[in-house]
Amino acid sequence: MRKLLFFWVVITVLISCKKEALFVPRDISKVEITHFLEDSLLNVRALEVNEGRVVVASSSGKIYQMVLSYMNDFDEGRYFEFIEDSLKQNNFRALAFQGDYTYALSIESPAKLFQGGMLVYHETHPKAFYDSMDFWNDQEGIAIGDPTEDCMSIIITRDGGGTWTKLLCEDLPKAIEGEAAFAASDTNISIVGDHTWVATGGKVSRILYSPDKGKSWKVYSTPIIQGEETSGIFSIDFYDELNGFAIGGDYTEPEINVANKIRTSDGGKTWEIVANNQNPGYTSCVQYVPNGQCKELVAVGFNGIDYSRDAGNSWKHLSDEGFYTVRFLNDSVAYAAGNGRVSKLVFR
């Protein structure tokens, strides 16, 4: 019986390894860009693609959506339409939609979180500054912000977004002086199942990790460039429970490409610098390409769009078109947003 079990395990491992070995990443060489929403006053750092919709929230409080057509391979059903008129004058940098609602979170004090057009969280602390938001499921969500006391600000909902509660500092890792986060692309949080990773930045840039949807937390150091208020991790993404990538740099010196790209294969406990002294330099958002087996990555920043087919070891510059944030619809189509526009990206 033990021999049979042993052979079954060996065969299973061999089959699994063979499947992994058969995967050959694409060699994407270009990106086709179509602008669907253009306005010289538009500034968008919060974008979501899900359930047949593309939704963006702007720094002026405007929220737009595009409904995608299921009948034509998720091609555009119509152009972006303005869907919220009551939230003007809010600087939105974080956005999510879950269930029947769109959630938008403003950055500075007073910080305001809206469910649809209804205010569901309000914080007046003078240091309040929120950076990113995400959901585990229809009932539970999380948003993170800079410290107001001696820990990162984390608010959580467990009732479908109707009410939000700020975690006590005694239940969170203590922040180090100068540690905060960046509201650059709404990608400071990455969620896989119940696992959650939060990236901090500034004078100290670390990873806060929760294995249980925010009930308990650990903190891990990273080797990314840090030490200045303008440096550190700006974006983090996990492909699965073990493999993740973080990117950033110093936005005041965007050409510097030293220690601004890091990778983990053990769930964030340890990180290694990759593509050191290689472009891209400062980048505000990184995303794994769907079905890319942890190999394919796309990064965007105001210096353009870059692609990796080898888990971040090397990068190919695809375009000089600058964007702040990007989300994938499938393995070839993404939507990106930035200064003055929201665009569709098709990778070839």
Side-chain angles (χ1 to χ4, degrees), residues 23-58 64-81 95 184-187 234-235 237 239 245 247 254 257 261 275 278-348:
F23 177 76
V24 178
R26 297 168 299 170
D27 189 12
I28 291 173
S29 59
K30 65 178 181 178
V31 57
E32 298 171 357
I33 302 173
T34 305
H35 304 312
F36 279 102
L37 180 61
E38 294 184 271
D39 186 333
S40 61
L41 300 179
L42 189 66
N43 186 307
V44 176
R45 297 176 184 270
L47 177 154
E48 290 294 333
V49 179
N50 192 14
E51 299 172 358
R53 288 189 294 163
V54 182
V55 181
V56 299
S58 73
Y64 302 84
Q65 77 168 0
M66 174 188 282
V67 178
L68 304 179
S69 171
Y70 290 92
M71 302 300 292
N72 190 23
D73 194 26
F74 287 99
D75 201 3
E76 287 67 36
R78 56 180 178 267
Y79 289 100
F80 280 96
E81 58 181 358
L95 172 74
S185 62
D186 194 19
T187 51
F234 281 73
S235 179
D237 194 27
Y239 189 85
F245 203 90
I247 206 163
N257 54 22
K261 300 171 284 292
Q278 299 177 38
N279 285 333
Y282 163 74
T283 309
S284 56
C285 186
V286 66
Q287 295 284 280
Y288 279 105
V289 179
N291 306 314
Q293 297 297 309
C294 309
K295 301 295 184 183
E296 294 186 67
L297 291 151
V298 165
V300 303
F302 49 63
N303 281 339
I305 304 169
D306 292 88
Y307 165 76
S308 175
R309 67 188 300 268
D310 56 10
N313 289 321
S314 63
W315 294 81
K316 180 186 296 185
H317 190 65
L318 299 181
S319 173
D320 292 333
E321 289 264 14
F323 293 97
Y324 297 143
T325 190
V326 64
R327 298 293 186 282
F328 276 89
L329 174 65
N330 53 47
D331 60 9
S332 299
V333 177
Y335 286 84
N339 187 22
R341 61 193 183 277
V342 181
S343 308
K344 179 182 179 180
L345 312 182
V346 179
F347 295 90
R348 305 287 188 188

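FYI, the numbering just counts along the sequence from 1.
Considering only heavy atoms from C-beta on, Trp315 stays 4.5 Å or farther from Gln278 through its side chain. Between Val44 and Leu37 the shortest side-chain heavy-atom distance does not fall below 4.5 Å. Side-chain contact check for Leu318 versus Leu345: every heavy-atom pair is 4.5 Å or farther apart. Put simply, the side chain of Leu47 does not reach to within 4.5 Å of the side chain of Phe323, judged on heavy atoms. In this structure, His35 and Glu321 have side chains that are in contact, with non-hydrogen atoms separated by less than 4.5 Å.
Arg327 contributes atom CZ, which lies 5.5 Å from atom CG of Asp186 (distance to the nearest 0.5 angstrom). Expressed to the nearest 0.5 Å, how far CD of Glu32 lies from CZ of Phe347 amounts to 10.5 Å. In this structure, CZ on Phe23 lies 8.5 Å from NZ on Lys295, to the nearest 0.5 angstrom. Interatomic distance, Asp237 CG to Gln287 CD, rounded to the nearest 0.5 Å: 4.5 Å. Interatomic distance, CG of Asn291 versus CG of Asn330, reported as 9.0 Å (0.5 Å rounding). The distance from the OH atom of Tyr64 to the OG atom of Ser58 is 6.0 Å, given to the nearest 0.5 Å.
When every heavy atom of Thr187 is checked against every heavy atom of Cys285, the shortest pair comes out as CG2-SG, 3.9 Å. Looking at every heavy atom in both residues, Ser319 comes nearest to Val31 through CB-CG1, 3.9 Å.
Proximity of a side-chain donor or acceptor of Ser235 to a complementary backbone N or O of Val286 within less than 3.5 Å is detected. Judged by distance alone, with hydrogens and angles left aside, the side-chain atoms of Ser185 form a donor-acceptor pair with the main-chain N or O of Ser284 at under 3.5 Å. Judged purely by atom type and a 3.5 angstrom limit, Lys316 has no side-chain atom pairing as donor or acceptor with the backbone of Arg309.
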In a table with atom names and distances, give each donor-acceptor pair under 3.5 Å that connects a side chain of residues 296-303 to protein atoms at least two apart or in another chain.
unit_1 : atom_1 : unit_2 : atom_2 : d
Glu296 : OE1    : Arg26  : NE     : 3.2
Glu296 : OE1    : Arg26  : NH2    : 3.0
Glu296 : OE1    : Tyr307 : OH     : 2.8
Glu296 : OE2    : Arg26  : NE     : 3.4
Asn303 : ND2    : Glu255 : OE2    : 3.4

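Every residue two or more places apart in sequence or in another chain that forms a side chain to side chain contact (heavy atoms under 4.5 Å, CB included) with Asp310 is listed here: Ser308, Asn313, Ser314. Under the rule for a side-chain hydrogen bond (donor to acceptor under 3.5 Å, both in side chains), the partners of Asn257 that lie at least two apart in sequence or sit in another chain are Asn279. Residues that satisfy the ring pair (Phe, Tyr, Trp, His ring centres under 6.0 Å) test with Phe234, not counting sequence neighbours, are Phe182, Tyr282. Contacts of Thr283 classified as side-chain hydrogen bond (donor to acceptor under 3.5 Å, both in side chains), with partners at least two apart in sequence or in another chain: none.
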Please report the C-alpha distance between Val346 and Thr34 in whole Å, then the side-chain angles of each, then the deciding distance to 0.1 Å, and finally whether the side-chain contact (heavy atoms from CB on, under 4.5 Å) criterion is met. CA-CA 9 Å; Val346 179; Thr34 305; over 6 Å; no

Start with the C-alpha gap between Leu42 and Val56, add the side-chain angles, then the distance that decides, and say whether side-chain contact (heavy atoms from CB on, under 4.5 Å) holds. CA-CA 11 Å; Leu42 189 66; Val56 299; over 6 Å; no

Residues Val49, Phe328; criterion side-chain contact (heavy atoms from CB on, under 4.5 Å); working and verdict: CA-CA 7 Å; Val49 179; Phe328 276 89; over 6 Å; no

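Using a 30° and 60° split on the angle between ring planes, Tyr288 and Tyr239 fall in the perpendicular class, above 60°.
Residue pairs meeting the side chain to side chain donor-acceptor pair (under 3.5 Å) criterion with at least one member in residues 37-48, sequence neighbours excluded, do not occur.
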